[in-house]
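For the single chain, residues carry numbers from 1 onward in sequence order.
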Amino acid sequence: MSVRDLVGIFYQRLWNERDLAIAPAILHPDISFRGSVGSAVQGREAVCSYVDMVTTALSGYRCDVQTLVVEGERAAAKVLFSGLHIGEFLGYAPTGARVEWIGSAFFTAERGLLTDVWVLGDVVSLRAQLESAP
């Protein structure tokens, strides 16, 4: 599977559809993952726990790829993240507010599996939305 396909499945199936069962088909067992709203984690199960943490706190969580650049086994994406804040998130009690922020994600694949994902998000903007929510 190409890195382009892996990134598409990563966002659509794993994140948007919250289909954790797809993880073995796209994530290397020892994947290195650094998300924009949490610490770095290692391993497929840890990535699934991270997905669960975010998607539980943000109902209807979406990752919408706005730009994707692929070169060989590497890819970079500009992504719009969004959801409804219904659970504790980044230390903030649920606000019921819709939040969204932009981020950039960098992917490395080997032998048809993602081995490294590093996401940088505009967490300053996200925190400002959480702080100003009614």
Side-chain angles (χ1 to χ4, degrees):
M1 193 176 318
S2 73
V3 70
R4 179 180 301 278
D5 293 338
L6 290 168
V7 171
I9 294 167
F10 177 81
Y11 282 125
Q12 183 56 41
R13 296 272 306 273
L14 187 66
W15 284 96
N16 294 347
E17 297 174 17
R18 200 174 177 183
D19 179 5
L20 302 181
I22 195 67
I26 64 168
L27 303 179
H28 188 277
D30 296 321
I31 185 171
S32 174
F33 178 84
R34 182 204 175 275
S36 63
V37 297
S39 58
V41 298
Q42 192 80 30
R44 187 184 294 148
E45 292 78 18
V47 173
C48 288
S49 292
Y50 185 95
V51 170
D52 188 56
M53 179 268 299
V54 173
T55 58
T56 297
L58 300 175
S59 177
Y61 184 73
R62 299 255 335 145
C63 303
D64 294 304
V65 177
Q66 297 182 330
T67 306
L68 180 63
V69 178
V70 176
E71 184 175 311
E73 293 295 306
R74 296 182 185 269
K78 177 183 175 186
V79 184
L80 175 64
F81 305 105
S82 62
L84 187 65
H85 182 213
I86 63 163
E88 184 169 327
F89 187 62
L90 293 176
Y92 294 89
T95 63
R98 178 170 168 70
V99 295
E100 66 178 35
W101 69 101
I102 291 286
S104 297
F106 302 90
F107 299 85
T108 303
E110 292 177 14
R111 297 184 187 104
L113 294 173
L114 293 172
T115 58
D116 187 71
V117 180
W118 193 54
V119 185
L120 300 169
D122 184 0
V123 179
V124 171
S125 169
L126 174 58
R127 286 186 183 279
Q129 292 172 66
L130 294 170
E131 289 170 3
S132 66

Consider only side-chain heavy atoms of I, L, V, M, F, W and Y, link residues closer than 4.5 Å, and tell whether Phe107 and Met1 are in one cluster. yes
Atom of Val3, atom of Ala75 and distance for their closest heavy-atom approach: CG2-CB, 4.1 Å
Once you round to the nearest 0.5 Å, how far does CD of Glu17 lie from CD1 of Ile22? 9.0 Å
If we only count heavy atoms from C-beta on, is the Leu14 to Leu27 side-chain gap below 4.5 Å? yes
Should Arg18 and Asp52 count as an ion pair when the cut-off is N to O under 4.0 Å? yes
If you take all heavy atoms of Pro24 and Ala21, which pair is closest and at what distance? CD-O, 3.3 Å
What is the minimum heavy-atom distance between Leu113 and Ala25, and which atoms define it? CD2-O, 3.4 Å
Within this structure, what is the CG-OG1 distance for the pair Asn16 and Thr55, rounded to the nearest 0.5 Å? 10.5 Å
With no hydrogens and no angle check, is any side-chain donor or acceptor of Tyr50 less than 3.5 Å from a backbone partner on Val37? yes
Side-chain heavy atoms nearer than 4.5 Å, only ILVMFWY residues, links allowed to pass through others: does that put Tyr92 and Leu58 together? yes
Heavy-atom side-chain proximity of Thr115 to Ile31 below 4.5 angstrom: no
Below 4.5 Å, heavy atoms only, C-beta onward: do Val47 and Val117 meet side chain to side chain? no
Strictly by salt bridge (Lys or Arg N to Asp or Glu O under 4.0 Å), give each pair with a member in residues 59-68 just once, sequence neighbours left out. Arg62-Asp64
Taking all non-hydrogen atoms of both residues, which atom of Leu84 and which atom of Gly96 are closest, and how far apart? CD1-O, 3.0 Å
Group every Ile, Leu, Val, Met, Phe, Trp and Tyr by side-chain heavy-atom contacts under 4.5 Å, then state whether Ile86 and Phe89 land in the same group. no
With a 4.5 Å cut-off on side-chain heavy-atom distances among I, L, V, M, F, W and Y, is there a chain of contacts connecting Leu80 to Leu120? no
For residues Val51 and Met53: do they belong to one hydrophobic cluster (side chain heavy atoms under 4.5 Å, members Ile, Leu, Val, Met, Phe, Trp, Tyr)? yes
Closest contact, heavy atoms only, Gly121 versus Trp101: CA-CD1, 4.2 Å
side-chain hydrogen bond (donor to acceptor under 3.5 Å, both in side chains) with Thr95: which of Gln129, Glu131, His85? His85
What's the separation between atom CZ in Arg44 and atom CZ in Phe33, rounded to the nearest 0.5 Å? 14.5 Å
Leu130 CG to Ser125 OG distance, which is reported to the nearest 0.5 Å: 9.5 Å
Judged by atom type as modelled, is there a donor-acceptor pair below 3.5 Å linking the side chain of Asp30 to the main-chain atoms of Gln42? no
Using 30° and 60° as the class boundaries, would you call the ring planes of Phe81 and Tyr61 parallel, tilted or perpendicular? parallel
Please work out which of the three classes, parallel, tilted or perpendicular, describes the rings of Trp15 and Phe10, given edges at 30° and 60°. perpendicular
Not counting sequence neighbours, which residues clear side chain to side chain donor-acceptor pair (under 3.5 Å) with Ser82? List them please. Arg98
Compare all side-chain heavy atoms of Arg74 with those of Val69 and state whether any distance is below 4.5 angstrom. no
Does the side chain of Ile26 reach to within under 4.5 Å of the side chain of Arg13, using non-hydrogen atoms? no
Can you check whether Val119's main-chain N or O pairs, donor with acceptor, with Ser36's side chain at less than 3.5 Å? no
